[in-house]
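Because the structure is predicted, anything quoted here is derived from the model rather than measured.
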Amino acid sequence: MTAPTKPSHHGPADPGLRVSAAVSDSAPAAARTVSGEPLHSPVIEWFDEHARDLPWRRPEAGAWGVMVSEFMLQQTPVNRVLPVYEQWLARWPRPADLAAEAPGEAVRAWGRLGYPRRALRLHGAAVAITERHGGDVPADHAQLLALPGIGEYTAAAVASFAYGQRHAVLDTNVRRVFARAVGGAQYPPTATTAAERRLARALLPEDEATAARWAAASMELGALVCTARNESCHRCPITAQCAWNLAGKPAHEGPPRRTQTYAGTDRQVRGRLLAVLRESRAPVPRSALERVWHEPVQRARALDGLVADGLVEPLADGLYRLPLT
DNA sequence: TAGTCGTGGAT
DNA sequence: TATCCAAGACT
């Protein structure tokens with residue numbers, strides 16, 4: 001139900017829909033923007049020259065390395081992931097190695113990457129891979145999706161980056177590139193829409209290897225050039241075809257993006273509690289945990305939450321530790 | 001669907 | 001100093 005759209009240059013109306021109209025007719029092999037130029041070729045050429053040399057992109061990383069990197073990169077910047085990634089792969093070079101450990105060791109090794117439930121899920125995924133897939137990261141998208149901690153994005157990313165398959169890999173970088181280059185808007189919608197998914201599929205090159213290259217290239221473009229703030233249009237390989245640029249880079253319309261407060265939230269309390277437990281090999285008495293937050297109700301709620309999430313194991317006598325099972 | 005879930009560097 | 005934002009998943 002794509003509305004008949006005209007290539008308006010008056011503003012960023014209906015991000016995602018305009019091109020949808022341009023390419024959705026038959027999802028042609030070489031999807032093109034309104035200008036008629038293919039999008040993937042110049043981006044892939046740019047990627048060939050400017051791609052960062054990241055450890056999980058090297059052949060020796062393997063599917064497990066790719067998968068570990070994708071877990072760690074969920075909402076955490078590359079620079080902070082790098083050292084933890086190296087230590088992790090050195091300690092647990094295969095899924096079975098991690099699966100043989102206590103989940104608490106994964107939480108400890110996760111360090112300060114944030115969102116420690118990801119560590120627990122990565123451990124759970126390693127266990128499932130060992131039990132269900134003979135210790136090898138599955139190549140099948142549906143099997144990847146069935147693993148804990150793997151959603152639509154990560155399943156597509158692992159299948160594409162590790163196994164060279166053809167999938168629409170739609171992360172926050174790609175969504176922003178599409179919103180601008182195709183939709184003419186500064187930012188994509190708050191939540192991923194069906195129109196965005198359709199567009200991502202329509203822009204996917206037919207050839208499998210090219211599609212995998214495009215997935216990595218479009219992400220890299222969003223990460224290095226088409227950034228959320230201080231974008232570098234002068235370095236962009238598709239700036240001449242970018243709808244947002246052609247429209248004069250209009251500012252974001254609509255409700256301001258909900259800012260996430262942190263100070264004083266349960267998340268901060270949870271972070272402090274878990275930091276104490278990470279630092280201690282021996283079980284920690286409740287009194288040590290009570291020191292990190294003065295307000296008893298919130299403190300108790302945060303601790304209960306950690307226990308409920310399986311991040312903390314309560315023992316007898318008011319002792320706590322990272323989970324052994 | 002909107003809320004929850006860490007952390008720290010950059011602006 | 002306050003705000004933004006970084007390769008999401010899950011409920």
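As a whole-Å value, the separation of A:Arg267 CZ from B:dT4 P is 9 Å. Spacing between atom CG of A:Asn230 and atom C1' of B:dA10 amounts to 9 Å, rounded to whole angstrom units. If you measure from atom OH of A:Tyr262 to atom P of B:dG8, you get 8 Å, rounded to the nearest angstrom. Distance CG (A:Leu273) to C1' (B:dT7): 15 Å, rounded to an integer number of Å.
Shown here is A:Asp317, whose CG atom has no more than 12 heavy atoms of other residues, nucleotides or ligands within 6.0 Å. Surrounding CZ of A:Arg94 are at most 12 heavy atoms belonging to other residues, nucleotides or ligands under 6.0 Å away.
In this structure, A:Trp56 and A:Ile150 both approach DNA chain C, and ranking their closest nucleotides by distance from the 5' end singles out A:Trp56. Map A:Arg229 and A:Arg270 each onto its nearest nucleotide of DNA chain B; the residue landing nearer the 5' end is A:Arg270. Both A:Ala191 and A:Leu311 lie near DNA chain B, and the one whose nearest nucleotide falls closer to the 5' end is A:Ala191. Position along DNA chain C of the nearest nucleotide to A:Ala228 versus A:Pro148 favours A:Ala228 as the more 5'-ward residue.
Residue contacts shown for A:Phe71 are absent, as no nucleic acid heavy atom lies under 4.0 Å away. A:Leu54 comes within 4.0 angstrom of a base, heavy atoms only. No engagement by A:Thr190 is indicated, since no non-hydrogen atom pair under 4.0 Å with the nucleic acid exists. Contacts of A:Thr76 with the nucleic acid, taken as non-hydrogen atoms under 4.0 Å apart, include base atoms. Using a 4.0 Å heavy-atom criterion, one finds that A:Ala157 contacts no nucleic acid atom at all. Residue contacts shown for A:Trp110 are absent, as no nucleic acid heavy atom lies under 4.0 Å away. At a threshold of 4.0 angstrom between heavy atoms, the contacts of A:Leu274 with the nucleic acid are absent. If you check every strand for non-hydrogen atoms under 4.0 Å, A:Gly114 touches a base. Across all strands shown, A:Arg176 has heavy atoms under 4.0 Å from sugar-phosphate atoms exclusively, and none from any base.
Between the side chains of A:Glu208 and A:His167, no donor N or O sits under 3.5 Å from an acceptor N or O. Using modelled atom types and a 3.5 Å distance limit, the side chains of A:Gln186 and A:Trp244 yield no donor-acceptor pair. A side-chain N or O of A:Arg118 and one of A:Thr76 form a donor-acceptor pair less than 3.5 Å apart. For the residue pair A:Glu70 and A:Tyr153, a side-chain donor N or O sits within less than 3.5 Å of a side-chain acceptor on the partner.
Rounded to whole Å, the separation between the P atoms of B:dG8 and C:dA9 comes to 23 Å. Across B:dT11 and C:dA7, the matching P atoms stand 15 Å from one another, rounded to whole Å.
Taking only side-chain atoms of A:Arg112, from C-beta outward, the nucleotide of B:dG6, B:dC5, B:dT7 with the closest atom is B:dT7.
Of all heavy-atom pairs between A:Trp46 and A:Ala217, the closest is CZ3-O, 4.0 Å.
Not counting sequence neighbours, A:Arg267 has no partner by the salt bridge (charged side-chain N to carboxylate O under 4.0 Å, His left out) test. The ring-ring contact (aromatic ring centres under 6.0 Å, His included) search around A:Trp110 returns A:Trp88, not counting sequence neighbours. With sequence neighbours excluded, no residue forms a ring-ring contact (aromatic ring centres under 6.0 Å, His included) with A:Tyr163.
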Which pairs of donor and acceptor atoms, one on a side chain in residues 221-230 of chain A, lie under 3.5 Å apart (sequence neighbours left out)?
unit_1	atom_1	unit_2	atom_2	d
A:Thr227	OG1	A:Arg229	O	2.9
A:Thr227	OG1	A:Asn230	O	3.4

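The footprint of chain A on DNA chain C, defined by a heavy-atom cutoff below 4.0 Å, extends from C:dC4 to C:dC10.
Contact check of residues 290-304 of chain A against DNA chain C (heavy atom, cut-off under 4.0 Å) returns no residues at all.
One donor-acceptor pair, N or O on each side, does fall under 3.5 Å between the base of B:dT7 and the side chain of A:Arg80.
For the OP1/OP2 pair of B:dT7 and a distance below 4.0 Å, the side-chain nitrogens and oxygens of A:Arg278 include at least one atom meeting the criterion.
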